[in-house]
Amino acid sequence: MRRRIGLKILGIGGILMGLFLFLFFGPPGLYHQTSTPEFCASCHVMEYQHDAWLKHADHRHLDCIECHLPNDNFVNHIFWKGYDGTKDVIFFFGRLYADDLTISAHGRQTVQDNCVRCHAEMVSQMMTDARDCWDCHRRVNHNYPMVNPRD
Amino acid sequence: TLQDCAPEKPDLIKVAQISDNEYDPEVWGRVYPLNYESWQQTKRPKPVDKSRYRRGWDEDRIVYDRLSEFPFAALLYNGWGFGIEYNEPRGHHYAVIDQIEIDPSRTSPGGVCLACKTPYHKEFTDKYGMDYLKAPFMEAVNMLPEKHRELGPACIDCHQGSTMEIRTHKDHLERGLALLGKTELSHLDKRNLVCAQCHITYYVPRDNNRKVAGDVQLPWTNSRWGSIPIENIIEDLLSDENRIEWVQSVTGFPLPYIRHPEFELFSNGSVHWQAGVSCTDCHMPYYRVGANKISDHDVTSPLKADMRACRQCHTESANWLEKQLFHIQDRTVSALNRAGYATATTAKLFERLHMEQKNGLNLDENLYRRAVDLYKQAFLRVVFIAAENSSGFHNPAEAGRVLTDAVAFAGRSEALLRQLLASGGIHLPEKIDLELQKYLNQRGGKGLNFKADQQFKDPFGIQEIFSEIPLKNK
Amino acid sequence: TLQDCAPEKPDLIKVAQISDNEYDPEVWGRVYPLNYESWQQTKRPKPVDKSRYRRGWDEDRIVYDRLSEFPFAALLYNGWGFGIEYNEPRGHHYAVIDQIEIDPSRTSPGGVCLACKTPYHKEFTDKYGMDYLKAPFMEAVNMLPEKHRELGPACIDCHQGSTMEIRTHKDHLERGLALLGKTELSHLDKRNLVCAQCHITYYVPRDNNRKVAGDVQLPWTNSRWGSIPIENIIEDLLSDENRIEWVQSVTGFPLPYIRHPEFELFSNGSVHWQAGVSCTDCHMPYYRVGANKISDHDVTSPLKADMRACRQCHTESANWLEKQLFHIQDRTVSALNRAGYATATTAKLFERLHMEQKNGLNLDENLYRRAVDLYKQAFLRVVFIAAENSSGFHNPAEAGRVLTDAVAFAGRSEALLRQLLASGGIHLPEKIDLELQKYLNQRGGKGLNFKADQQFKDPFGIQEIFSEIPLKNK
Ligand SMILES: [Ca+2]
Ligand SMILES: [Ca+2]
């Protein structure tokens, strides 16, 4: 139900997307600014993921979009940046999100492709489409139990 | 900028507005309205059919009867209050109310029973001593300030008003921690201990006439922080006459007892304890109210709160987590059935043997005494797991171990009893009639009866191989 | 641009260089030298004192004796090869070698025993049928190509040479999967099944004279993918005379048997199975070689490989994970002691009763038959957990459940036997002398003896309450 309303709004939002695309290339720096982790985390719903990313030492030097937007070619990148960005904004201000966010199937595939993109050499000997990298590399996943084990 | 539209950053916790001896939650509630509201929700019934083994006081408002859930318990506990009326808890709001409403045999010790119910217990014990502790239960309740007679776990039990730090508020816990040699308390420790004020086993010490001899005590001798195993608890409980609280009618044995040992089972090396997870993490998870995140004070089963607690740590879906939870609970409940019926069968053999003794049966005293010792070991293990409220989830491997031992002790005791009886010329069939109807029906002043639909049958059907349980709802 | 930072696409796995029926690992090794080298490492002893319950063939080169580890097993398995020599495995490299070196009573079935050892089994079974399957063991070995007589699990067992896909290579597994009704295999399924080719229980079907009647079979009737519970396995094994493989000497009962049911225990709803973790993830973890990572083909205990497998998924330290592993294993081993000795005690009571029967003891046939049935249920459960190689870790809650049931069945059987004996005027002490020395010492042609330092005593000391185990190393 929540989803369906969401998608309707998304339709209208699609129109706004054009506007967004314009804005990205319009005001100086906005394209860049909307690519930073600080921007993503400016929505409190992203805080948890931001903190988890911050604590995961090995990828702290990456922006969220390194994983969360297609980086295979520029057109694809900019299209999804506009689309996802608009969707996030609409869902956020429309309060159309659940307490714990879950990634979409498309989102998952995007991330997986990015893991493989950067670590292509490392994983050249394995099947990369059989399952998600973060099934094993659970620290990369923002939902990994953040606890302090007793010794 | 975009940031401007984002909801406001929440206020920090306000401090120093509550005095350190403010009992009234309403007063606290004026400063912390959200927590107060969520705390009040323990009154509210929870959604039905979420939990498999912790039903009760759900939206159907049925109070579940633990003796119908596990019929063997009706036989084993027969002889005092727990064998008459023993219910699944309803929630913190009902702590005192449930005591008032339950069969009065349960509250016969008196004021001492308020130890984990009223926030005034510490003050009243200090002020009035044995006059309060030994007062007949309703008299003790009536000693409490009228407005708060029915007040259960309250803000003051868990918080220092002036600082809002979490803290504990029970002398018995202090004494228990002293037994463990635990002195330094971290914040994490406290997130467990606020619950361990009450969710622990205890005994009411008795004098030579089995009358109440003081405030509640914890059987934690020889144990330590992170390891309060059933072996040590049993040793403590059997070490002194003053820990013997009742006489089991089927066997005639004077016995100690074990209640809600959540903290003991959980802290004994369970994977979540070792991971630094606390009771509070699972039973009081953070949730969003507007732009704030607060701890859910509507303490309940995580299943009845949509597994929100679990999902903050686990990536898996609520469904997946439930399945694993049931994987564990089903196995514990199956084993508990085995252990419970094995022990009940043994109890019935004692009954028979004692009868035959009266008819002149002679027996090997040494074997008999071994049978008794083994039986007590089995019984206390059964109670330990049956009384623990997570159906094994708080520590699956330990629950499995304890139940295996329970079955082993009961089985050997049964073997010795059958031998003793057969030696005396008494030949028994394999299936011993447990006469469960006798224990399950017409209990107490309310005439409580067995409710067949509440029974937790062995989920794997193994129990049927041992004992058909011929029960009909009357 | 962003895309520029992506490194060049490295080579994919080379394919189509190996023919589909290339048996020789050396040939594979020319294309995949790193995997070949790591595969060869199963020959190498592993670091000592890493594993608690899977010692053996570590750098001290001691081969651990499973009958000394659990002395009750020497009594229970007495009557055939497993009661003579039964060792902790050494590693894939030794699969055939261990067979050649073991007491020949173990290999008496003949060629059929090569099913999970030589990669040629499928081809030879197709080609030579019963002539190969029934050939005396060493004759069957000598039928194999000379260079590969001692070759154990090889590349061809797990890989399709032309594509390098993982696959399986055993007819018995095909038949087993058919019983489960499993047809579609995902990649993850295969990462389990390559191991389940061998790490499963089986029986060697027998004809009326208990001679080998065909290739290895799996007792998986009525089971399904993700649920092959012990109950179904027992039902299958007891359903037909042709699954009875030996006669237990203490009781004289013809019995089936259970071996290494790793896949069965693990896949039965364990938390790791449910999480989509496979055998391969834990026993063949990726490791870095230069800029690549490859699967560790030196298959062994994760403890002996520094828990590398675990640490990608779990953030906790290796130490922490070990502690949790031992938390589980200690509890399983304790319960296994209880179940094993309870069953052994019952076996001894049968022995006594059968002797007394010869001396003219009369007994209640119905009770006796129940005692026998209960005993078999106990015995097969004990073997299930004792034969499974993870000491409970692969599925802790299920292991606990199975052992509780084992104790329950054994306890009731013991009770009936004591009653039967006492009815006949035979009075037994509580402690039954198991005469373990008799079974543990001077075993087989090698005259194997009990090794006290290898015994896994109950880590919680409960077993001592039941049976002192008066054993001295001879
Ligand atoms: Ca409840
Ligand atoms: Ca080994």
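Naming: A, B, ... by sequence-line order, numbering from 1 per chain.
Distance CE/A/Met122 to CZ/C/Arg288: 3.5 Å, rounded to 0.5 Å. Between the OG atom in C/Ser278 and the CG atom in A/Asp135 there is a gap of 10.5 Å [rounded to 0.5 Å].
Contact record, A/Arg139 with C/Arg311: NH2-O, 3.0 Å, taken as the closest heavy-atom pair. Taking both residues in full, the closest heavy atoms of A/Glu121 and C/Asn292 are given as O-OD1, 3.0 Å, listed atom of the first, atom of the second, then distance. When all heavy atoms of A/Gln125 and C/Lys293 are compared, the pair lying nearest together is CB-O, 3.6 Å. Of all non-hydrogen atoms in C/Gly276 and A/Arg131, the two that sit nearest each other are O-NH1, 3.1 Å.
Note: C/Asp281 leads C/Ile294, C/Asn319, C/Asp281 in heavy-atom pairs under 4.5 Å with chain A.
No side-chain heavy atom of A/Arg138 sits under 4.5 Å from any side-chain heavy atom of C/Gln312.
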